[in-house]
Amino acid sequence: MAAPILEARDLHKAFASGDRQLAVLRGASLRVATGESVSIRGESGAGKSTLLNLLAGLDAPDSGTVHWQGLAARLRPGVSGGARTRALASLRGIIFQSFYLIPEIDALANVRLAGAICGLPRKEAAARARELLARVGLSERTRHLPAQLSGGERQRVAIARALVAAPPLILADEPTGNLDEHTGDAVVELLLNLCRERQTGLVLVTHNPAHAAKCARQLTLHDGLLA
Ligand SMILES: Nc1ncnc2c1ncn2[C@@H]1O[C@H](COP(=O)(O)OP(=O)(O)OP(=O)(O)O)[C@@H](O)[C@H]1O
Ligand SMILES: [Mg+2]
């Protein structure tokens, strides 16, 4: 197997639920190799979003480790907080079910800004944003605000945003959950093709068996474990 870009080991995560603890992850482990696509299915409430947030570094596990290849090299010793977040930002792109585009700025600016946050020089961020928006079929929509785009178009902007800094991995949490079936199929096809072209790894959380089957490896989250 190629060197892993992401390795998560024995992740545990519980949430307070009234006066009890709700154990959501109970030792989940995952390795993602360079360019590999992995799907994760599981019942609603199984902990898929919880897991993806840990993999993304948006939340911390109670125990267990998430190791990103190359993260340590980007951090000076003792660096945390904002610098850690910025270093992580260039290692993974995230795509959410509800897009989370910035409503006040147009499609081009949404993608460009993500590039700038990852440290791309201004001109390069703009050039890459235009190129990616063209690649996802939105050359004619670069000046549209998110509210002036359809759901499928918004998600294509979010895909361009996730890819703009050429991260080695994309984490996608039900990216087609708010789209009709036909649009959802097209969005997943586009995402898989872009990742394949760029040798970008993909972790795809989905309820759709057909979308899961398009990934090189299929996993299920059940009882807090991935198998
Ligand atoms: N911040 C939180 N505080 C308390 N409980 C939480 C929190 N976040 C998630 N949970 C609980 O953890 C469980 C797993 O939630 P999670 O969102 O990870 O599920 P999921 O597998 O993504 O579900 P879905 O398919 O519906 O998106 C749920 O029972 C949820 O209520
Ligand atoms: Mg979820």
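All ligand and atom numbering here is 1-based and tracks the order in the structure.
One option in Gly47, Ala46, Ser44 has a heavy atom closer to atom 24 (P) of ligand 1 than any other, and that option is Ser44. Among Ser17, Gly224, Gly177, Ser49, the residue whose heavy atom lies nearest to atom 22 (O) of ligand 1 is Ser49.
Atom 13 (C) of ligand 1 lies below 4.0 Å from at least one non-hydrogen atom of the protein. Within a 4.0 Å radius of atom 31 (O) of ligand 1, the protein contributes no non-hydrogen atoms.
Between Val38 and the options Val205, Leu30, Leu6, Leu226, a side-chain contact (heavy atoms from CB on, under 4.5 Å) holds for only Leu30.
Through direct or relayed side-chain contacts under 4.5 Å between Ile, Leu, Val, Met, Phe, Trp and Tyr, Tyr100 connects to Leu58, Ile94, Phe96.
Of the charged side-chain nitrogens involved, at least one lies within less than 4.0 Å of a carboxylate oxygen, so that Arg135 and Glu197 count as a salt-bridged pair.
Counting heavy atoms closer than 4.0 Å to ligand 1, residue Glu43 contributes backbone atoms (N, CA, C, O) but none from C-beta onward. Contacts of Thr50 with ligand 1, taken as heavy-atom pairs under 4.0 Å, involve both backbone and side chain.
Within the structure, ligand 1 has His207 among the residues with a heavy atom less than 4.0 angstrom away.
The Mg ion (ligand 2) does not have Thr50 among its coordinating residues (no N/O/S atom, backbone or side chain, under 2.8 Å).
Nearest protein heavy-atom contact of atom 29 (O) of ligand 1 is Leu22 CD2, 3.8 Å.
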